[in-house]
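Notes for the one structure printed next.
We use all heavy atoms of the structure for the numbers below, so side chains are in, but hydrogens, waters and symmetry mates are not.
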Amino acid sequence: MGRPPPRRVIITGASDGIGAALARRYGAAGATLGLIARRGHALERLSAQLAVPCERYAVDVRDRPALAGAARHFLTRHGCPDIVIANAGVSVGTLTEFPEDAGTFQEVMDINVLGLVNTFQPFLGPMREAASGALVGIASVAGYRGLPGSAAYSASKAAAIAYLESLRVELRSSGVRAITICPGYVATPMTARNPYPMPFLMSADEAAAWIARLVARGSTFAVIPWQMALVARALRVMPNWLYDRLFDNAPRKPRRG
């Protein structure tokens, strides 16, 4: 059974891509929004397009104190959110052999994994007290297997999947749901540099529609779109010798140059 439309929604990584598409979607449904991203000017442009109350926070999800401050501001002005979507993420090609990539590994893990923790933590207490709400983490199909040239990204998304599962079990019977969404390829600025085919490519608006439906439906884990879910299952059970052969010479995401 579907749930009533959310009245208050927090979204990180809201300046473009899936985050901005989610903001437009929930805004069109009348929700009060808390929009979080590093680029304040992009949040200003987005909120100007929305006919609903919007709180804008130009905050990096790695900055735990600043994120906690943003959460306190939203809670004080609008009350406990119905949905918190940890969508902020980064994808950059990395190779272990290059010392200069060590900082990139750190950045990817900090944003894609600890960013989830930093986003959820200040809202979890009030949501537990209200015994309602959903914490939604945007992971990735890339977390199913290690992609060559994307070790940091694959590792971060595998960690995100495991973290969100732990959180889901911890919150069982609390009234607060933890939801894991693993998109396949989505047409965003982050994927625009990918030098390889992207099967079942979705637009950001299509991805946002999937995510909103899954959250409303009460799902706890999903790969989107459904075609990519089939691919993900096949990858998970594929023997190493076959996986290695298939991906050995695959094109790789560019490193920072």
Can you list, pair by pair, the side-chain donor-acceptor contacts under 3.5 Å of residues 81-89, counting residues two or more places apart and other chains?
unit_1	atom_1	unit_2	atom_2	d
D82	OD2	R7	N	2.7
D82	OD2	R8	N	2.9
N87	ND2	T12	O	3.2
N87	ND2	G13	O	3.1

Taking only residues two or more places apart in sequence, or in another chain, which ones meet F221 in a ring pair (Phe, Tyr, Trp, His ring centres under 6.0 Å)? none
For the residue pair M202 and W210, establish whether any side-chain heavy-atom pair is separated by less than 4.5 Å. yes
Measure the CZ-CG distance between R45 and D16 for me, rounded to the nearest 0.5 Å. 9.5 Å
Determine the minimum heavy-atom distance between A212 and Y26, stating which atoms define it. CA-OH, 3.5 Å
What heavy-atom pair brings T188 and G17 nearest, and what distance separates the two atoms? CG2-CA, 3.9 Å
Going by ring pair (Phe, Tyr, Trp, His ring centres under 6.0 Å), name the residues that satisfy it together with Y196, two or more places apart in sequence or in a different chain. none
Tell me, yes or no, whether the heavy-atom count around R252 atom CZ, taken from other residues, nucleotides or ligands under 6.0 Å, exceeds 12. yes
Should we say atom CZ of R233 is surrounded by more than 12 heavy atoms from elsewhere, each under 6.0 Å from it? no
Counting only N and O atoms by type, is there a donor-acceptor contact under 3.5 Å from the side chain of S154 to the main-chain atoms of L147? yes
Should V136 and I10 be regarded as members of a common hydrophobic cluster, given that ILVMFWY residues are connected when their side-chain heavy atoms come within less than 4.5 Å of each other, either directly or indirectly? no
Any salt bridge (charged side-chain N to carboxylate O under 4.0 Å, His left out) involving residues 23-32? Give me the pairs, sequence neighbours left out, ordered by first then second residue. R24-D205
List the residues meeting salt bridge (charged side-chain N to carboxylate O under 4.0 Å, His left out) with E165, not counting sequence neighbours, and say none if there are none. R168
For residues 49-59, which side-chain N or O atoms pair as donor and acceptor with protein atoms under 3.5 Å away, sequence neighbours left out?
unit_1	atom_1	unit_2	atom_2	d
E55	OE2	R77	NH1	3.3
E55	OE2	H78	NE2	2.8
R56	NH1	S47	OG	3.3
Y57	OH	H73	ND1	2.7
Y57	OH	F74	N	3.4

Output all residues satisfying salt bridge (charged side-chain N to carboxylate O under 4.0 Å, His left out) with E206, sequence neighbours left out; order by chain, then residue number. none
CD1-CG distance between I179 and L214, expressed to the nearest 0.5 angstrom: 8.5 Å
Do I111 and R62 come close enough that some side-chain heavy atom pair is under 4.5 Å? yes
Closest non-hydrogen contact found for A139 with T180 is CB-CG2, 4.2 Å
Determine whether M109 and L95 fall in the same hydrophobic cluster, where Ile, Leu, Val, Met, Phe, Trp and Tyr are linked whenever their side-chain heavy atoms lie under 4.5 Å apart. no
For C80 and L75, which heavy atoms make the closest approach, and how far apart are they? CA-CD2, 3.7 Å
Check whether L230 and F200 end up in the same hydrophobic cluster, where Ile, Leu, Val, Met, Phe, Trp and Tyr are linked by side-chain heavy atoms less than 4.5 Å apart. no
Going through the checks in order, is the side-chain contact (heavy atoms from CB on, under 4.5 Å) test met by V141 and V231? CA-CA 9 Å; V141 172; V231 173; 5.8 Å; no
State, to 0.1 Å, how close A187 and L201 come at their nearest heavy-atom pair, and which atoms those are. N-CD1, 3.6 Å
What pairs meet the side chain to side chain donor-acceptor pair (under 3.5 Å) rule with one or both residues in residues 125-148, with sequence neighbours excluded? R145-N240
Within the 4.5 Å heavy-atom criterion, are F105 and T96 side-chain neighbours or not? yes
Sequence-distant partners of D63, side chain to side chain donor-acceptor pair (under 3.5 Å), two or more places apart: none
Should V90 and Y185 be regarded as members of a common hydrophobic cluster, given that ILVMFWY residues are connected when their side-chain heavy atoms come within less than 4.5 Å of each other, either directly or indirectly? no
Criterion side-chain contact (heavy atoms from CB on, under 4.5 Å) on R255 and T104, from CA distance to verdict: CA-CA 9 Å; R255 298 167 52 245; T104 304; over 6 Å; no
What's the spacing between L171 CG and T220 OG1 if we round to 0.5 Å? 12.5 Å
Apply side-chain contact (heavy atoms from CB on, under 4.5 Å) to K253 and V92, showing your working. CA-CA 7 Å; K253 193 173 187 75; V92 183; 5.7 Å; no
Atom NZ of K157 and atom OG of S150: how far apart are they, to the nearest 0.5 Å? 12.0 Å
ILVMFWY cluster, I11 and I138 together (side-chain gap under 4.5 Å): yes
Distance-only check: which donor-acceptor pairs under 3.5 Å involve side-chain atoms of residues 115-127, not counting sequence neighbours?
unit_1	atom_1	unit_2	atom_2	d
N118	ND2	V61	O	2.8
N118	ND2	L114	O	3.3
T119	OG1	G115	O	2.7

Minimum heavy-atom distance L46-A14, with the two atoms named: CD2-O, 3.2 Å
Taking salt bridge (charged side-chain N to carboxylate O under 4.0 Å, His left out) as the definition, give me every residue that meets it alongside R38, ordered by chain and number, with sequence neighbours left out. D60
According to salt bridge (charged side-chain N to carboxylate O under 4.0 Å, His left out), who are the partners of R177, at least two apart in sequence or on a separate chain? none
Would E100 and R256 pass as an ion pair if we require N to O under 4.0 Å? no
Starting at OG of S15, measure out to NE2 of H41 and round the result to the nearest 0.5 Å. 8.0 Å
